[in-house]
2 protein chains.
Amino acid sequence: MKPGPRRSISQADIVDAAFEILEEKGFAAVSVRGVAAALGLTPTALYTYFESKSALQAAMVEQLLAGVADAGTIGPADEVSDQDASAGTWRDRVLALAVALRERLVAHAGAVVLITSGPLDGARARDLEEALIACFAEAGLDSDDAARAGRAVRAHVVGAVALETARRAAPEQMPEPATLWREPSRHPLVEASAHLALDGDAAADSLRWGVERLIDGVVPAR
Amino acid sequence: MKPGPRRSISQADIVDAAFEILEEKGFAAVSVRGVAAALGLTPTALYTYFESKSALQAAMVEQLLAGVADAGTIGPADEVSDQDASAGTWRDRVLALAVALRERLVAHAGAVVLITSGPLDGARARDLEEALIACFAEAGLDSDDAARAGRAVRAHVVGAVALETARRAAPEQMPEPATLWREPSRHPLVEASAHLALDGDAAADSLRWGVERLIDGVVPAR
DNA sequence: ACCTGAACACCGTTCAAGT
DNA sequence: ACCTGAACACCGTTCAAGT
């Protein structure tokens, strides 16, 4: 185990190791030193493959987004299974893209922080944006509105998943002090809707609902 | 300058100092040690006021959100200045809340990362959510849909600002290598819409557009 | 209660050196 | 080219001790 040219490892291996740590211990635990150790390397060795930690993170984002844009080009019957198995209208494809993006983000704990902390202008991010804009262009929007709509869908998904996962990652909440008399709440509406955000399925439904409403607002002709 | 009870400082002072660092040097630079130094204290002294760094960050989120919910209760004529100065319909109030939230998030660089890295379930976050749901309830939606709509607006704003500020914080992009023959782009639609995301005003307009479309989709009756 | 100083177990990154 | 080892300037947090 002496130093020397070994090339035993690739950029992809490093990204994989980083994702493993991300999934197991969260975003904060993804350190250059930790990833290197997981690969049996010294931290400085990683700087041969990536110029900095943020370059590594950019590569992670690219891998995370890989294939999401394809969810809109293949038939959406697999992703949007509760629809008619009919052809991929632009509406179905927008939904499929949104759902696919959400699934990628939810799959790894801490992926949203990862995606939020960088510019999101890599090749696969552009693929996704291109696919979304194409859908809205097909729907008849002019190029500016189609771009705005694509941006809006992307923002919607990112924001929804950010709020969803932040809630899930909440630390142990201190139990309410046992009180005999309930004070009237300052947030009755919020509490009445608490049942909507419990599990991941409800969150997925909420996202679909939001994107569908957004589409309805963008292309009102039904 | 000997140790001893001094109480020369309050929780608010610490939060203020933290915001100053956030604004000047970004989210990553907000450290317990740095904040303490800015106040002329030892890092450990801060643990008398806040149980942990994340407790400090939660307090920062609360201060950031303070007053945002009020943007929907006061007349929106100030925030939504290009509308008729007429009364606050629920629609105007939703827009005013969204714009106010965006302004708070954009005001401090790194505020989105701050808000994304925590649960966002403090008192002021609930105030905002409550105000949004109330608007949609007034619009005639049942309580579940009103909650979904409120959630959607919040997600939309957070996501839009996240994408907006991430783009702005991008490091120096390497200049395209000078080429004489342009290769056909893989993302023509994305590039054709680049003019939409240049400055902050355009971003603000994009957000308003998106929220308006979302509202249109949620309450189609116009 | 409020604060210090020392300490523990970490970080990202650079640099000189080895093969 | 790929890797190590030492080093620099940082982290969050804990603990014993001072007033």
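Computed from a predicted model, the values in this text were never measured in an experiment. Chain identifiers are assigned alphabetically (A, B, ...) following the order of the sequence lines, protein sequences preceding nucleic acid strands; residue numbering begins at 1 within each chain.
- For A/Tyr49, a side-chain nitrogen or oxygen approaches OP1 or OP2 of D/dC3 to under 4.0 Å.
- Remark: P of C/dG12 and CD1 of A/Ile14 are 14 Å apart, rounded to the nearest angstrom.
- If you measure from atom CD1 of B/Ile21 to atom P of D/dG12, you get 10 Å, rounded to the nearest angstrom.
- In the set C/dT13, D/dT4, D/dT14, the nucleotide with an atom closest to the side chain of B/Tyr47 is D/dT14.
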- request: Kindly express the pairing pattern of DNA chain D in dot-bracket notation, using | wherever a base pairs with another strand and counting only Watson-Crick or G-U pairs under 3.5 Å.
  value: ||.|||||...|||||.||

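- One interatomic measurement links the two molecules: CZ of B/Phe50 to C1' of C/dC3, which rounds to 17 Å at whole-angstrom precision.
- Between the CD atom of A/Glu51 and the C1' atom of C/dT13 there is a distance of 12 Å, given to the nearest Å.
- Comparing C/dC2, D/dA7, D/dG12 by their closest approach to the side chain of A/Arg33 singles out D/dA7.
- A/Leu46 places its CG atom 14 Å from the C1' atom of C/dC11, with the value rounded to the nearest Å.
- Spacing between D/dA9 and C/dA9 at atom P, rounded to whole Å, works out to 23 Å.
- OP1 or OP2 of C/dC3 has not a single side-chain nitrogen or oxygen of B/Thr48 nearer than 4.0 Å.
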- request: Take B/Ser52 and B/Ser54, measure what side-chain hydrogen bond (donor to acceptor under 3.5 Å, both in side chains) needs, and give me the verdict at the end.
  value: CA-CA 5 Å; B/Ser52 66; B/Ser54 74; 3.2 Å; yes

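- Nearest nucleotide to the side chain of A/Thr44, out of C/dG12, C/dC15, C/dC3: C/dC15.
- Which of D/dC3, D/dT13, C/dT13 sits closest to the side chain of A/Leu41 comes down to D/dC3.
- By the 30° and 60° cut-offs, the orientation of the rings of A/Phe19 relative to A/His108 is tilted.
- Of the charged side-chain nitrogens involved, none lies within less than 4.0 Å of a carboxylate oxygen, so that A/Arg186 and B/Glu130 do not count as a salt-bridged pair.
- Rounded to an integer number of Å, the gap from A/Lys53 NZ to C/dT13 C1' is 12 Å.
- The existence of a salt bridge linking A/Arg148 and A/Asp145 is confirmed by a sub-4.0 Å separation between a basic side-chain nitrogen and an acidic carboxylate oxygen.
- One finds a salt bridge joining A/Glu164 and A/Arg102 here, because a Lys/Arg side-chain nitrogen approaches an Asp/Glu carboxylate oxygen to under 4.0 Å.
- Taking 4.5 Å as the limit, some side-chain heavy atom of A/Glu129 sits within range of a side-chain heavy atom of A/Ile133.
- Panel note: side chain B/Arg104, backbone B/Leu64; a donor-acceptor pair is recorded below 3.5 Å.
- D/dA16 sits 13 Å from C/dC3 when the C1' atoms are compared, rounded to a whole Å.
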